[in-house]
Amino acid sequence: MKPRSSTARAASNIALVKYWGKADPAANLPATGSLSVTLSGMVTTTRVVFGNGRGDDKLELNGVDATETATARVSRLLGRIRNMAGISDRAVVKSENSFPTAAGLASSASGFAALTRAAVPAAGLTADLDELARIACSGSGSAPRSLLGGFVELVPAAPGEAAGCTVRQLAPPGRWDLHLVVAVCSGGSKQVSSTEGMEHSRRTSTFYQAWLDRHGRDLDEARVAVDERDLERLGRAAESSCFRMHAVALGANPPLLYWSPATLAVIHRVWALRSTGPRGWITIDAGPNVVVLCEARDAAVLADEIGEVPGVERTLVERPGSGAEVIA
Ligand code: DP6
């Protein structure tokens, strides 16, 4: 076929109620729902070109050839799109992050959302949101959430349904100017990816079943909190989900500890500040960095306070941003 290209951008998202464990690892089907906020500043831009004959796909990340493992993961998702389109051409994919990959902020969510959004039209297809979510989910369980802006809930397919998930926007980015201060923390131990960490937790953690049992309550709370723009209520649900997720990881065999001393120091600083203000609530993904939710008026002071914690390399201030879009 004549080469056909498309470019899309998608921002990273941070889960306030986490996804941690798959019901079906082969289909990459999350075991639970999740609720996130799509960020404004941490953006991946991806260009996909189909139509250079047959052969292996090529993936370039930030101007450098990607590893075989990363390329294989992208190829799996592209293979699904090729099947849908009835084409067999190889793809050349170039992806750039607007944020430092080395700081542990790289996100499979923005990457697979941008890839899905670009590859579908590049293959000559159109797809509705449900279809896009199913495709993005096969790449990464957090990616469908980045298809939409603002506050987003992901609902996984029920057993027996076709694998995948649906996403819906709970509130657009302009409805609540919640701020998120990201503390980039040094000294993380050798990183275990989310994919590996959650599978290890599912197989071996004493607390995995308790995590599944409790999860719905955090989701219910967070949904209401977003609806009412109640920061304290959302913050409590987010901390509950975050610390339970890390408890599940710590309860695995061998245990998984994602935090560094700086992570713990930020937690203590934010909790100590909360009684006097500025008030912030914590969430942490599968790494040492800490994200602090706060009101817009408190973001600058919190960023200064957190920036002084030993081991914090830098802080970034984020706010709710838009969903993925095709730009060329
Ligand atoms: C801790 O979406 O990266 O960030 O589906 O295996 O790609 P895969 O996992 P991934 O896991 C995200 C885990 C998390 C929580 C979350 O974003 O919900």
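First listed ligand is number 1; within each ligand, the first listed atom is number 1.
- Remark: D220 engages R223 in a salt bridge, criterion side-chain N to carboxylate O under 4.0 Å.
- Listed as neighbours of ligand 1 are A15, K18, Y19, W20, K22, N28, R73, S108, S140, G141, S142, R145, S194, T195, M198, M245, D285, A286, each bearing a heavy atom under 4.0 Å from the ligand.
- In this pair, F151 and W176 present their aromatic rings parallel. The plane angle is below 30°, not in the 30 to 60° band.
- The existence of a salt bridge linking K18 and D218 is excluded, since no basic side-chain nitrogen approaches an acidic carboxylate oxygen closer than 4.0 Å.
- Salt bridge R217/E221: absent, no basic N to carboxylate O contact under 4.0 Å.
- In this structure, W271 and F243 have tilted ring planes: the angle between them lies in the 30° to 60° band.
- By the 4.0 Å N-to-carboxylate-O rule, D57 lies close enough to R82 to be salt-bridged with it.
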